[in-house]
Amino acid sequence: MGGTFGKGCHLHLIDGSAFIFRAFHALPPLTRKSDGLPIGAVSGFCNMIHKYVQDNAGPDAPTHVAVVFDKGSHTFRNDLYDLYKANRDAMPEDLRPQIPLTREATRAFNIACLEQEGFEADDIIATLTRQAVEAGGRVTIISSDKDLMQLVGNGVEMLDAMKGKRIGVEEVEEKFGVGPDRVVDVQALAGDSVDNIPGAPGIGIKTAALLIQEFGDLETLLDRADEIPQPKRRQTLVEHRTQIELSKRLVTLDSATPLDITLDDLEVREPDPAALMDFLTRMEFRTLTKRIAEGLGVEPPVIADTNPAGAAPSEAADQSATIPFRPEDYECIRDAAALQRWIDAATARGLMAVDTETTGLDEMRCDLVGISLAVEPGRACYIPLGHKIGEGDLFGADVLAEGQMPLDEALALLKPVLQDPAVIKIGQNMKYDAKVLARYGVHVAPIDDTMLMSYAMNAGLHGHGMDALSERYLEHQPIPIKSLLGSGKAQITFDRVPIDEAVKYAAEDADITLRLAQLFKPQLHRARVTTVYETLERPLVPVLAEMEMTGIRVDRDTLSRMSNAFAQKMAALEAEIHDLAGETFNVGSPKQLGEILFDKMSLPGGKKGKTGAYATGADVLEDLAAEGHDLPARVLDWRQLSKLKSTYTDALQDHINPETGRVHTSYVITGAVTGRLASTDPNLQNIPVRTEEGRRIRAAFVADEGKVLVSLDYSQIELRILAHVAGIDALKQAFREGQDIHAMTASEMFDVPMDQMTPEIRRQAKAINFGVIYGISGFGLARNLRIPRGEAQGFIDRYFERFPGIKDYMTETVAFAKANGFVQTLFGRKIHTPEIGAKGPQAGFAQRAAINAPIQGTAADIIRRAMIRMPGVLKGLPAKMLLQVHDELVFEVDKGAETGVIDAVREVMEGAAMPAVKLDVPLVVDAGTGQNWAEAH
DNA sequence: GTACTCACG
DNA sequence: GACGTACGTGAGTACG
């Protein structure tokens, strides 16, 4: 062809991003055999491009062609409207590293590949379309995106490649009710929930089309809005004029995008067989490579099979377990050139395992000592960075050991690859490493986590620590850390470990992590927990890391004053107790207390446990106190103070980080089998709230100057979930009507009209409602309500009579657990129940746990979903998420912004089950604010 | 290291 | 008929 683009030329513009997303979602999560790199979207993309090339070889073949991609997430539209596309879910982690490969694929097919920072693919398409039409040529846009329909006409048409359907002026008119030139007017009015275009509330495409048909165009319509007969419609247009005009600017494509190419650069070119084969071979696409090779008339290259010939896919991953561990092969990285080789290898592969070694277990305070990497099974290295020599003498003469790269230099080299969206960083408990590295200015992304993969597949079956996983799945016992650090008083920190020993230990950890990832990744799909892992586990890591690093401000003085007050009261109580006992003893020793109470004083109710010691729990002491005995009553007071002092007012002070002045808890994602989080070091999920004394401790959790704490919690979420999963119409109805659910239960059970409800009856019903969630038993309810067991059983029988669906749910859940060995939440989380078939008292335990797990777990999934969406919602708002307490989230918010934040957060929390699960009951979130947590809760 | 106790949802 | 049980956690203390 040659020459310039003009009359007779035919330009094809392919919407590349649409191809990618379609490929990603249509295909199962394929991974590259040799290293486990996710590759499904690239494979689908190549198939689609190949099909496109074949389909367009005929007489109407294009003379010019380009694939156009989106680039970056921020465009000029975000400057116009910061909520533009704000409701979009983040790109799936597994897709991210495939994006650059689709560009490579396009070039491998020798097709022009276009993208422009700050502009959407649609704008580039609009610009090229305009240029081509002005030059007198024809254009076909391969896409079905309605946003491109405004370009149709004047020799421009669209082609839906999937349906093989042409979209011309007629089809556009059919869809929008107006011609292509007025499509933007209709879109401006109708808005678009997918792109978060506001439009005019209450006006859809149909109404918008009618209005535009009548008034000619949007501007005329808005100017003459007062002529509209329908009052509501008229009012909407007048009130939302600015918003509608903004919407129009958002939907109008920019046909003047600055491009550094011309139409002539897009001329159709024959693919270079060698380059194309090289790419396909590297991707290890066996079928596609063969098919394309045949089409090109070349010999298909042999794709090295890293597995035994004919190996089944399940065996393929087993190489992780069969390649021997050879610690002597691990490399110690001491200079930039060596490090760069590993970085290049990781970049070429698109993934690597990463592990950090530090001086301690507190990510917020420890120092980085070294980093290990692995790129394939058996191939791992360690980069020592902070190893010291010498004993740390009187002068603290810490000297860096020889042969280590300077920390700054190593991190500068590693930072690009650790932050490279095209390279997945695999870790075992990656939240830890990500937090450490974040303190050194490196923000690791995207990540994969073997601990979380194990948790998604095997919660309830076994632990998810690396040593346990390695022994179980790789049949390899890792070097114990104790062998390097020792234990007890003589324990040293990792920076004191000799480098050669550290290499073997640290590189092995990265090696193990990589092997586990290769083994687990394909198993996720087979275990049907890919969605759980991808939507509930993996994306939670950066969210929690951010929360933990933010921490919450705790006022030391408040705690310290309380501590002193508690100490005085305790001393007084202790004297009184000793006086009553007639001797001094350790009040804190249950053993000594038991002997005083039941041997010396011969009080009734002395029951020995399996260890031969008397039980002295609160329930026992309360019974004694109720009978008028003073000593147990004082002990109860003393115990409460002792608990508050030691666990909270004292211990909490030790957790205030000297640098930040805040307390930084750690959430253990795999801490509870049900999907709940666990909070450790310190546990901020059990700060007192039930007693007045205890609640004062919450007042020590304060907002920074100029800020307030905001707490939002789900109201009775577990009962709502029970109503949904057990399908109890009466309960569902009550929740929909916003009734007092415990009173309603009481009314149903005891035949008491709602207006005659007494607090006592309601309290009993409340206990039953909770009991149901826990897998109710007569004994448990009796103990809780302090009523005879027969009476409690009577309550339960009546409850089941009134709500037979609950009994059915329980029976069915236990049967499911027995048949499958696990139960599931509404979101597909599996909780394994290996004890379900046990005999004896174990059986009851396991059954109640199985009944409770789907309810507790579904609630846990819902708040996880809310938390994962929170960063997107808080963007632009002066608010930070600080804490999660199972059904509560705590935020720190600039004073004055509370209302806006509460509205936004509440919307996310109440809608968190959607769209995956549509509950039959509404989720309701209560909110509070205050200077401290006691006020906010 | 285990048992007991008790703080939370 | 007896047994022993409410579900899920973390942490501090005593004690062997």
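Just so it is clear: chains get the letters A, B, ... in the order the sequence lines come, proteins before strands, and each one is counted from 1. Values in this document were obtained by computation on a predicted structure and should not be read as measured data.
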### Query
Hey, does the side-chain of A/R848 have a donor or acceptor N/O within less than 3.5 Å of a partner on the base of C/dT5?
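Checked by distance alone, the answer is yes.
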Between the side-chain atoms of A/R783 and the base atoms of C/dG4, is any donor-acceptor pair under 3.5 Å?
->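 There is none.
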Determine the interatomic distance between [atom1] on [N] and the same-named atom on [M]; round to the nearest Å.
N: B/dA3; M: C/dT5; atom1: P; result: 14 Å
N: B/dC4; M: C/dG4; atom1: P; result: 14 Å
N: B/dC8; M: C/dC3; atom1: C1'; result: 30 Å

For DNA chain C, what are the stems built from at least three Watson-Crick or G-U pairs in a row, each pair having both distances below 3.5 Å?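 Counting only runs of 3 or more consecutive pairs, the stems involving DNA chain C are B:1-9 with C:7-15.
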Candidates A/K569, A/K643, A/K645 - the one meeting salt bridge (Lys or Arg N to Asp or Glu O under 4.0 Å) with A/E693: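 When salt bridge (Lys or Arg N to Asp or Glu O under 4.0 Å) is applied between A/E693 and each of A/K569, A/K643, A/K645, only A/K569 qualifies.
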| message | Is it the case that the side chains of A/S679 and A/T665 hold a donor-acceptor pair, with the cut-off being a distance below 3.5 Å and no angle test? | response |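 Yes.
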- Message: Counting only heavy atoms and a strict 4.0 angstrom limit, can you tell me which residues of residues 851-869 of chain A come near DNA chain C?
- Response: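 Within residues 851-869 of chain A, the residues near DNA chain C are A/N852, A/Q856.
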What contact category does A/E888 fall into here, base, sugar-phosphate, or nothing, at under 4.0 angstrom with non-hydrogen atoms?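 No contact.
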Side-chain N or O of [X] closer than 4.0 Å to phosphate OP1/OP2 of [N]:
X: A/S679; N: C/dT9; answer: no
X: A/S589; N: C/dC15; answer: yes
X: A/Q685; N: C/dG8; answer: no
X: A/N686; N: C/dT9; answer: no
X: A/R676; N: C/dC7; answer: no
X: A/R690; N: B/dA7; answer: no

Practice prompt. Could you give me the CA-CA distance, side-chain angles and deciding distance for A/R698 and A/E935, then say whether salt bridge (Lys or Arg N to Asp or Glu O under 4.0 Å) is met?
Written response: CA-CA 8 Å; A/R698 291 211 170 203; A/E935 288 174 15; over 6 Å; no
Close side-chain approach of [X] to [Y], heavy-atom, < 4.5 Å:
X: A/M451; Y: A/T670; value: yes
X: A/R848; Y: A/I776; value: no
X: A/P632; Y: A/E622; value: no

- Side chain of A/H937 only, please: which of C/dG10, B/dG9, C/dG8 is the nearest?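 Output: B/dG9.
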Exercise for review: Examine distances only and state if a side-chain atom of A/Y799 and a backbone atom of A/P804 form a donor-acceptor pair shorter than 3.5 Å.
Suggested key: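 Checked: no pair found.
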